[in-house]
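Excluded from the calculations below are hydrogen atoms, water molecules and symmetry mates; all remaining heavy atoms, backbone and side chain alike, are included. Order of appearance sets the numbers: ligands from 1, and atoms from 1 within every ligand. Sequence positions, counted from 1, serve as the residue numbers for this chain.
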Amino acid sequence: MDFQQIFDKPPQTQAIAPGRVNLLGEHTDYNDGFVLPTAIPQQTTVQLSFSDDGEHHFYSENLQERVSILDINHPPSGFASYIFGCIEELKQAGYTIPALNVYVQSSVPIGAGLSSSAALEVATLRAIRQLLNLSIDDVEIAQLAQQAEIHYAGVQCGIMDQMASSLADTQHILFLDTRTLERRVLPFPSKTTILVIDSGVPRTLATSGYNQRRDECQEAAQLLGVEALRDITDAKVTETLPEPLNRRARHVVTENNRVLEVLQGVTPERFGELMNASHTSLRDDYQVSVPALDTLVEILQNTAGVFGARLTGAGFGGACVALVALGEEKAATQVLEQYNNAGYAGRILVPELEVSDAA
Ligand code: GLA
């Protein structure tokens with residue numbers, strides 16, 4: 001069912017925003033650190049019109065679910081909470097937002113660690129900006145989206161996902177300093193591209209595990225007498241911390257250094273090594289991997305044409321990203337076969353391959 005069929009009139013405007021995959025710099029953004037995401041081809045589209053009855057009406061095409069909001073003291077849950085959160089954050093920022101009809105359609109996989117929520121938030125804010133002619137820039141959109149996620153989805157997230165969805169494209173890597181918001185657009189390493197494969201394992205403990213890691217990092221920074229772990233550049237300094245804060249901090253410090261090394265310009269081989277080191281650090285020091293992700297990463301790392309691979313996003317399930325030589329994208333099919341033979345149900349997300357229905 002399209003907008004017209006749901007709301008009985010055509011949309012007045014629409015906007016899109018992509019999901020993202022992070023190549024390096026994981027769990028660094030809420031430590032004021034450095035990240036290297038890129039946009040993925042999958043996108044979320046939000047269509048809007050003014051509502052005629054004073055209530056917000058949200059419809060998700062993917063879920064075929066409609067939510068109407070009469071009482072703003074009872075925020076909705078699920079997909080509607082992200083849209084509602086964006087509207088509330090705009091109001092907090094001083095804008096008057098009338099009742100809206102909102103229609104969402106998305107090809108960004110949910111629960112794979114590819115920022116389907118950031119894509120929904122950014123597309124919603126872009127569509128409202130257009131409809132109401134608001135003078136908000138793309139960085140402000142990312143900031144409002146992050147606040148919506150924190151206040152209405154309960155994840156104490158950093159700003160990487162929303163900045164990536166708002167500012168990155170699929171042809172470049174976005175370097176972002178999450179403290180200053182200084183950013184640079186980098187090319188992919190020479191003759192390379194990416195593979196993204198979903199492990200098929202949902203990110204069950206993601207919210208609680210994520211918030212716990214964030215608290216641990218804050219505690220580590222406090223014990224070390226710095227504003228954020230970004231201020232530590234020598235991993236040796238973290239050895240004085242008690243377990244497990246020492247490991248959490250060591251991951252953040254070494255991960256930031258890996259991103260900064262890429263910024264200096266590295267070969268595809270070196271970029272791959274840094275991705276592999278990142279996975280080891282996320283597995284052993286940050287402890288956000290799960291056996292399925294380790295298996296998938298190992299298969300990727302042992303595949304010809306792959307320079308390096310790691311889990312991507314918050315961890316606890318979700319997807320892996322690999323850097324591969326251009327022209328070697330087909331390696332993904334082999335990897336998937338091997339992975340699924342180990343008893344998992346993975347799927348290739350990037351490149352977007354033709355889905356074969358042959359069963
Ligand atoms: C999630 C959060 C981001 C970031 C990553 C981990 O995607 O939303 O802010 O912290 O996890 O790097």
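A salt bridge links Glu26 to Arg310: at least one charged side-chain nitrogen sits closer than 4.0 Å to a carboxylate oxygen. Between Asp137 and Arg129, no side-chain nitrogen of the basic residue sits less than 4.0 Å from a carboxylate oxygen of the acidic one, so the salt-bridge criterion is not met.
Looking at ligand 1, you'll find an N or O of Glu26 within less than 3.5 Å of one of its N or O atoms.
Protein heavy atom in closest approach to atom 1 (C) of ligand 1: Asp161 OD2, 3.6 Å. Scanning all protein heavy atoms for the shortest distance to atom 9 (O) of ligand 1 gives Asp29 OD2, 2.5 Å.
None of Tyr30, Tyr286, Phe316 except one satisfies the ring-ring contact (aromatic ring centres under 6.0 Å, His included) rule with Tyr210; the exception is Tyr30. Of the residues Leu336, Val21, Leu300, Ile348, the one that meets the side chain to side chain contact (heavy atoms under 4.5 Å, CB included) test with Leu195 is Leu300.
For ligand 1, the atoms lying closer than 4.0 Å to a non-hydrogen atom of Ala314 are 11 (O). In summary, the atoms of ligand 1 found under 4.0 Å from a heavy atom of Gly158, numbered by their order in the structure, are 9 (O). Within ligand 1, counting atoms from 1 as listed, the ones closer than 4.0 Å to a heavy atom of Tyr30 are 10 (O). In the vicinity of Tyr210, heavy-atom distances shorter than 4.0 Å reach the ligand 1 atoms 1 (C), 2 (C), 3 (C), 4 (C), 9 (O), 10 (O), 11 (O). If you number the atoms of ligand 1 from 1 as listed, the ones under 4.0 Å from a heavy atom of Met160 come out as 4 (C), 5 (C), 12 (O).
In this structure, His251 and His27 have perpendicular ring planes: the angle between them is above 60°, well past the 30° mark. Taking the six-membered ring where the residue is Trp, Tyr152 and Phe84 present perpendicular rings, their angle passing 60° and hence far from 30°.
The shortest heavy-atom distance from Arg20 to ligand 1 is under 4.0 Å.
Environment of CD in Gln287: crowded, with over 12 heavy atoms of neighbouring residues, nucleotides or ligands closer than 6.0 Å.
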